[in-house]
Structures are given as C-alpha cells and as structure tokens.
Number of protein chains: 2
Amino acid sequence: MKANANRAAAVARPRSGIPGTQSAPVPTENELYGITELAREFGISLRAIRFYEDKGLLAPRRINGGRAYTRRDRVRLGLILRGKAVGMSLAEVEHILSLYGDHGEGHAKQLDYLVGRIDEAMQELDTRRRNIEAMLGDLADAKGQLQRTLALKRRVRKK
Amino acid sequence: MKANANRAAAVARPRSGIPGTQSAPVPTENELYGITELAREFGISLRAIRFYEDKGLLAPRRINGGRAYTRRDRVRLGLILRGKAVGMSLAEVEHILSLYGDHGEGHAKQLDYLVGRIDEAMQELDTRRRNIEAMLGDLADAKGQLQRTLALKRRVRKK
DNA sequence: CCGAGTGCTTACGTTAACGTCAACAGACTG
DNA sequence: CAGTCTGTTGACGTTAACGTAAGCACTCGG
C-alpha cells in the first residue's frame with residue numbers, strides 16, 4: 001500500500017522519477033495522473049481506459065513505459081464517460097471529441113467547417129433530449145393515471 | 001406489389017381473412033398491423049421486431065401463423081425505439097415498459113410500488129438529460145471560442 | 001536479493017443487438 | 001399449376017465494449 005502511493009506519486013510527479021533529468025520546469029500544464037488514479041476517480045477499470053486509448057480516444061504520453069495523463073486527458077475521459085452516459089457509442093464520442101481540439105492554427109475554411117459540425121452534433125443531442133423529454137412526459141402521464149386509480153381505491157376503502 | 005398490399009391488408013383486417021368466420025365485430029380495439037407494415041413505418045428490420053419479441057418486449061397474437069400487432073403493440077414498439085434513441089438497453093426498456101401495463105386490477109401496495117419505480121425511472125432519465133445539457137453547454141462554449149477566433153482572423157484579413 | 005505491488009501487452013471470452021442466410025409454408029396471380 | 005410475395009423458424013456471423021487471464025518487466029522496502 002505504501003508502495004502503491006509512492007508509485008502513483010512517481011508517475012504523477014516527474015521530479016521524483018530520475019533526479020536531475022527532469023529538472024526543466026515546464027511553465028504551465030504540469031499535473032500528471034496515473035492510470036489507476038484516473039480509474040479510481042472515475043470509477044472505471046484500467047482495462048476500459050486502455051481500451052479507449054486503443055480506440056484513439058486518449059493518447060497519454062509514456063513515462064518510463066507507464067501511461068501519464070495530463071489534465072486535458074482527464075477532461076477528455078470525463079467527456080467520454082459523459083458521452084456514454086448520454087447513450088453515445090465510442091465512435092460518436094470520438095467524433096465529438098475531435099471538435100474540441102487545439103484548432104488554434106486552422107484555416108478559416110476549416111474553422112467554419114468545424115462550427116458546422118458542432119451545430120450538427122448539437123442538433124443530434126437536442127433530438128436526444130427531446131426524446132428523453134417525451135419519455136418523461138409519458139412516464140408522468142402513467143404516474144398520474146396510477147395515482148388517480150390509487151386515490152379512488154383509497155376513497156372507496158375509507159368509506 | 002399488388003399481392004403485397006393485399007397480403008398486408010389481409011393481416012391488417014381480419015374481415016378479409018376467411019370470410020364468415022370473423023364476422024363478429026369487436027367493439028373497440030380493432031386495427032391490426034402486419035410485421036412489414038410496422039417495420040416500414042418505423043424504419044427497422046423485420047428481424048429486429050422479432051428480436052424484440054424474443055426478448056419479451058412484444059407479444060403479438062398469431063393469425064394464420066403470422067404475427068398480428070395491435071395499436072398497443074405499435075405504441076410499445078415506438079417506446080422501445082425511443083428508449084433506444086435515448087441510450088437505454090433493451091433490458092432497461094423492458095423495465096420501463098412494465099410500468100405501462102394494464103395495472104387496473106393491482107393491489108394498492110403494488111400500485112404504490114409502481115409509482116416508486118416510475119419515479120426512479122424518471123430520475124434516471126433526468127440525469128441523462130442533465131448530462132446532455134452539459135454536453136450541449138460544452139459544445140456551445142467550443143463553438144463560441146471558434147467563432148471568436150474566426151472573427152479575429154477575418155478582422156485581420158479585412159485590414 | 002527477493003517478494004509484493006503496479007503496470008504492460010497479447011490473446012481469448014463474453015454480452016447485447018442485431019444481420020444474413022437457408023429452407024420452407026401459404027396464398028394469390030396470371 | 002408455376003411463380004411470386006410475404007412470412008416463419010433456426011443457425012450462424014458480426015460489431016461494440018469491455019472482462020479475464022497469462023506472462024513478463026520494473027521498482028521499492030526489507
């Protein structure tokens with residue numbers, strides 16, 4: 001267990017890796033996470049995380065053979081899981097993730113295209129939301145009907 | 001093609017089945033549908049519909065060996081597909097469908113229980129909806145950022 | 001130096017949700 | 001009466017999304 005914490009810290013903080021080699025202080029964007037750390041945080045298996053990587057949804061750097069995730073990776077993982085919770089396939093999630101990239105350099109044409117894709121994605125999500133709202137409405141109806149039946153039963157019984 | 005329409009009608013309307021045998025006019029709840037009819041209407045395959053039946057989500061009566069679906073079946077099929085669109089598994093859909101049943105006879109205890117289940121289902125759906133709204137928000141952010149970048153590019157170019 | 005703990009890769013197994021294919025039955029249609 | 005259409009029942013194939021297991025590497029505390 002002690003080794004556990006140490007190991008995790010070793011992956012998380014390069015400064016405790018090989019002393020001297022990683023002395024260059026990267027200005028921003030530090031904070032690396034280990035795979036178990038992320039797995040625990042999000043309540044999923046290591047296997048699942050590696051699977052997402054196989055599918056190209058994550059691309060952690062390698063430190064000493066082990067995977068090291070940045071904050072950005074962490075955010076992406078969150079988006080992946082949220083996408084799944086929303087009922088999207090990993091392929092769809094990948095598609096949406098591509099809309100978040102570092103397109104700071106893209107040509108205007110490409111950026112326009114991206115905006116279009118985002119609009120599409122938003123419309124699909126909206127459709128999904130409407131479906132959910134329809135189901136919620138139906139369930140509310142069913143519930144109301146049940147409760148009316150219940151009220152009748154109770155009234156009869158009281159008499 | 002003519003045979004098609006005739007066949008479909010034969011399944012849909014018992015009066016053109018075996019003349020004389022089906023002369024008793026059922027008061028309400030007529031209108032039967034054939035499997036291809038439903039498949040076309042909902043844009044799914046026959047195989048899928050039969051599959052849902054295997055899974056216990058549909059239980060059409062049999063007329064002459066063929067499946068005959070009532071309006072109620074049609075509604076259920078709609079719910080199934082909507083459930084799927086919402087990201088539910090068939091098992092979850094089945095669970096929800098059970099909340100719509102003809103519980104006109106149930107004991108008050110059971111009806112109470114049902115109301116509870118419905119509430120649960122509604123809460124889960126609400127969670128899903130919130131997730132979708134979060135994604136929509138994220139996408140809107142991404143879009144806004146893109147558009148600002150675009151505006152800058154255009155302004156520079158105009159100069 | 002060794003065993004525990006963590007991680008990596010490879011490969012095979014599994015479940016859900018169908019699709020595809022084959023072979024066949026009944027009923028019109030011409 | 002042969003052909004076409006619609007429908008039925010298996011059996012097998014497929015894709016997605018992992019789970020499980022095996023075997024090896026590394027690293028740290030004792």
Side-chain angles (χ1 to χ4, degrees), chain A residues 1-14 16-19 32-40 42-58 60-69 77 80-81 83-95, chain B residues 1-14 16-19 32-40 42-58 60-69 77 80-81 83-95:
Chain A
M1 269 185 255
K2 261 180 292 180
N4 170 356
N6 287 340
R7 223 341 187 139
V11 173
R13 308 268 157 83
S16 77
I18 298 134
L32 295 180
Y33 309 85
I35 188 171
T36 37
E37 203 169 344
L38 286 188
R40 257 199 285 273
F42 287 99
I44 60 180
S45 71
L46 308 183
R47 186 65 184 77
I49 295 184
R50 294 192 195 110
F51 184 74
Y52 300 150
E53 181 178 343
D54 284 351
K55 290 289 170 170
L57 301 185
L58 292 175
R61 35 184 115 158
R62 293 314 189 96
I63 292 182
N64 241 330
R67 292 166 169 86
Y69 300 86
L77 183 50
I80 293 170
L81 298 180
K84 291 200 54 182
V86 158
M88 305 196 313
S89 72
L90 290 189
E92 292 171 304
V93 170
E94 179 176 16
H95 170 218
Chain B
M1 268 188 256
K2 261 181 290 179
N4 170 355
N6 287 339
R7 225 336 188 144
V11 173
R13 309 267 159 84
S16 77
I18 298 133
L32 294 180
Y33 309 85
I35 189 171
T36 37
E37 204 170 343
L38 285 188
R40 256 199 285 275
F42 287 100
I44 60 180
S45 72
L46 310 183
R47 187 65 183 78
I49 295 183
R50 295 193 195 111
F51 184 74
Y52 300 150
E53 181 178 342
D54 283 352
K55 289 289 170 170
L57 301 185
L58 292 173
R61 35 184 116 157
R62 293 313 189 97
I63 293 182
N64 239 332
R67 292 165 170 85
Y69 300 86
L77 182 50
I80 293 171
L81 298 180
K84 291 201 55 184
V86 158
M88 306 197 310
S89 72
L90 290 189
E92 292 171 304
V93 170
E94 179 176 16
H95 171 217

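The basis for the numbers below is simple: all heavy atoms, side chains too, and nothing from hydrogens, waters or symmetry mates. A note on names: the letters A, B, ... follow the listed sequences, proteins ahead of strands, and every chain is numbered from 1. From a predicted model like this one, the values you see are computed outputs, not experimental measurements.
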Compare side-chain N and O positions of [X] against OP1 and OP2 of [N] and report whether any pair is under 4.0 Å apart.
X       : N      : answer
A/Arg67 : C/dC8  : yes
A/Asn64 : D/dT27 : yes
A/Arg50 : C/dT9  : no
B/Arg62 : D/dT9  : yes

### Task
Sugar-phosphate atoms are those with a prime plus P, OP1 and OP2; base atoms are the rest. Using that split, label each nucleotide of nucleotides 12-23 of chain C B, S or - for protein heavy atoms under 4.0 Å, 5' to 3'.
-----BBBB---

### Query
In whole angstroms, how far is the C1' atom of C/dC8 from the CG atom of A/Asp54?
12 Å

### Message
Between P on D/dT8 and CZ on B/Arg61, what's the gap in Å once rounded to a whole number?
### Response
15 Å

### Message
I'd like to know whether B/Phe42 forms a side chain to side chain contact (heavy atoms under 4.5 Å, CB included) with B/Ile49, so could you lay out the CA-CA distance, the side-chain angles of the two residues, the decisive distance to 0.1 Å, and finally the verdict.
### Response
CA-CA 10 Å; B/Phe42 287 100; B/Ile49 295 183; over 6 Å; no

### Task
Could you tell me whether the side chain of A/Val93 reaches within less than 4.5 Å of the side chain of A/Tyr52, counting heavy atoms only?
no

### Query
Any side-chain heavy atom of A/Arg61 within less than 4.5 Å of one from A/Leu32?
yes

### Task
Can you sort out the partners of A/Phe51 under side-chain contact (heavy atoms from CB on, under 4.5 Å), two or more places apart, ordered by chain and number?
A/Arg47, A/Lys55, A/Leu90

### Task
Taking side-chain contact (heavy atoms from CB on, under 4.5 Å) as the test, write out the residues that go with A/Glu94, two or more places apart.
A/Leu57

### Query
Considering all heavy atoms of both residues, which atom of B/Ser45 and which atom of B/Ala39 are nearest to each other, and what is their separation?
C-CB, 4.3 Å

